[in-house]
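Right, one structure below, let's go through it.
Here is how names work: the chains are called A, B, and so on, in the same order as the sequence lines, proteins then strands, and each is numbered from 1.
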Number of protein chains: 2
Amino acid sequence: MLKDIIKTSKALSDETRVRIVILLMRNELCVCQLMEILGMGQSTVSKHLGILRNAGLIEVEKRGTWSFYGLSRDKANKHNLDFIRILSSLPKNDPFIQNDEKKLIKVNKRGITFCNTIELGRRIRERSNHAG
Amino acid sequence: MLKDIIKTSKALSDETRVRIVILLMRNELCVCQLMEILGMGQSTVSKHLGILRNAGLIEVEKRGTWSFYGLSRDKANKHNLDFIRILSSLPKNDPFIQNDEKKLIKVNKRGITFCNTIELGRRIRERSNHAG
DNA sequence: TTCCTTTATCACGATATAGTGATATATTAT
DNA sequence: ATAATATATCACTATATCGTGATAAAGGAA
């Protein structure tokens with residue numbers, strides 16, 4: 001369906017969402033881990049994840065209070081795999097991707113711990129204020 | 001580059017632009033022919049074509065006052081071919097595509113003639129007003 | 001030249017989207 | 001029950017985008 005392709009294109013027309021998909025190609029992540037990597041507030045990240053999920057690109061698995069997001073294994077929208085394949089063919093030396101990957105490694109090393117999303121959001125906001 | 005992929009995704013995140021690309025997969029068309037098929041004003045069509053061109057998906061060839069648009073043969077952005085391939089794998093029975101194809105055949109049959117874009121735009125606007 | 005045409009671009013209004021803070025819900029621990 | 005946490009959703013602002021009419025630029029015919 002034309003509509004499905006447009007929905008997926010729209011989902012991938014935002015830099016933040018493409019970054020999320022590329023991160024999830026490596027391993028699953030929860031919302032607060034993505035906050036840390038992306039440097040964005042909890043509601044922002046959650047909204048982006050909703051859009052990607054609605055397009056069928058990613059799926060969620062709840063464990064306790066955490067929501068773990070990963071690439072969709074559902075093959076309903078067969079075109080989505082082609083879109084993912086395009087993203088996976090991106091060269092690894094892209095500065096954005098490299099930077100995210102560095103943070104991903106750090107976040108993975110720490111593992112899942114209580115991070116207090118409200119506090120974390122505040123720290124993130126401060127960082128970006130300092131950066132200008 | 002990540003930026004290129006996002007630019008192409010954004011270009012294909014609009015229904016009108018996807019319709020244009022699918023039409024141009026069949027044969028080249030000028031702006032006023034696309035107006036007729038899409039049922040949109042000249043400035044709108046021209047703007048969409050500019051976005052698709054900026055993304056490297058299509059290219060233009062001027063002949064006299066006419067600008068003929070077709071799929072880009074430039075291989076600079078190698079991912080664009082993958083996007084085009086996704087669109088070309090769409091089933092032909094999609095209602096939107098079928099309708100456009102019908103109009104494409106009619107427009108092709110008529111060929112290139114002076115159509116007076118301002119008048120044409122007025123007629124198009126009237127049609128859409130009648131349709132609601 | 002003057003007139004008519006096609007196309008690109010500008011300015012505008014209406015709508016859509018990104019990012020945010022506050023709030024609501026749900027889970028877990030005490 | 002109460003407290004702390006993670007997440008989703010709502011309401012809001014700032015910004016971006018779509019579609020349009022008017023205008024400008026450029027080619028072709030009289």
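When each of D/dA8, D/dG19, C/dT9 is scored by its nearest atom to the side-chain atoms of A/Ser46, the top-ranked nucleotide is D/dA8. Distance from the side chain of A/Cys30 is smallest for D/dT7 among the nucleotides D/dT7, C/dT7, D/dA6. When distances run from any side-chain atom of B/Ser43 to the nucleotides D/dG21, C/dA8, C/dA22, the shortest one goes to D/dG21. Counting only heavy atoms from C-beta on, A/Met40 has its side chain closest to C/dT20 among C/dT20, D/dT17, C/dA18.
Of the two residues contacting DNA chain C, namely B/Arg53 and A/Ser13, the nearest-nucleotide position lying further toward the 5' end is that of B/Arg53. Residues A/Gly41 and A/Gly64 both approach DNA chain C. Their nearest nucleotides, taken by heavy-atom distance, put A/Gly41 toward the 5′ side. Mapping B/Asp14 and A/Phe68 onto DNA chain D by nearest heavy atom places A/Phe68 closer to the 5' end of the strand.
For the pair A/Leu34 and A/Val107, the minimum side-chain heavy-atom distance is 4.5 Å or more.
Going from atom CZ of A/Arg125 over to atom P of C/dG21 covers 4 Å, rounded to whole Å. At whole-Å resolution of the value, CD1 in B/Ile51 and P in D/dA16 are 14 Å apart. Rounded to a whole Å, the CD1 atom of A/Ile118 is 9 Å from the P atom of D/dT5. We find that CE of A/Met35 is positioned 12 Å from C1' of C/dG19, with the value rounded to whole Å. Atom CH2 of B/Trp66 is separated from atom P of D/dA25 by 22 Å (rounded to the nearest Å). A/Lys10 has its NZ atom 17 Å from the P atom of D/dA16, to the nearest Å. Atom CZ of A/Phe114 and atom P of D/dT7 are 11 Å apart (whole Å). Taking atom NZ on A/Lys7 and atom P on C/dT17, their separation rounds to 12 Å, with Å as the unit.
Ion pairing between B/Glu36 and B/Lys103 fails under the 4.0 Å rule for side-chain N and carboxylate O. Using a cut-off of 4.0 Å between Lys/Arg side-chain N and Asp/Glu carboxylate O, A/Glu15 and B/Lys3 are scored as salt-bridged.
Listed pair B/Lys47 / C/dT7 fails the phosphate criterion, with no side-chain N or O lying under 4.0 Å from OP1 or OP2. Using a 4.0 Å cut-off, some side-chain N or O of A/Thr44 falls inside it from OP1 or OP2 of C/dT20. For the pair B/Thr117 and C/dT7, the criterion of a side-chain N or O lying under 4.0 Å from OP1 or OP2 is not met. At the phosphate of C/dA18, OP1 or OP2 sits under 4.0 Å from a side-chain N or O atom of A/Arg17. At the phosphate of D/dG27, neither OP1 nor OP2 sits under 4.0 Å from any side-chain N or O atom of B/Thr65. In terms of phosphate contacts, B/His48 brings a side-chain nitrogen or oxygen within less than 4.0 Å of OP1 or OP2 of D/dG19. Taking only side-chain nitrogens and oxygens, A/Tyr69 comes nearer than 4.0 Å to OP1 or OP2 of D/dA8.
Ring geometry for A/Phe83 against B/Phe83 counts as perpendicular: the plane angle is over 60°, on a 0 to 90° scale with 30° as the lower cut.
Among A/Val45, A/Ile20, A/Ile37, the one residue that satisfies the side-chain contact (heavy atoms from CB on, under 4.5 Å) test with A/Leu29 is A/Ile37. With A/Tyr69 as the fixed residue, the side-chain contact (heavy atoms from CB on, under 4.5 Å) test singles out one of A/Glu28, A/Gln33, A/Arg53, A/Glu61: A/Arg53.
A/Leu34 comes within 4.0 angstrom of no nucleic acid atom, judged by non-hydrogen atoms across all strands. No engagement by A/Arg122 is indicated, since no non-hydrogen atom pair under 4.0 Å with the nucleic acid exists. Nucleic acid contact for A/Lys62: none, since no nucleic acid atom lies under 4.0 Å from a heavy atom of the residue. Heavy atoms of B/Ile124 sit nowhere under 4.0 angstrom from any nucleic acid atom.
In terms of polar N and O atoms assigned as donor or acceptor, the side chain of A/Gln42 never comes within less than 3.5 Å of the base of D/dA6 in a complementary pairing.
No donor-acceptor pair under 3.5 Å is formed between the side chain of B/Thr44 and the backbone N or O of B/Met40.
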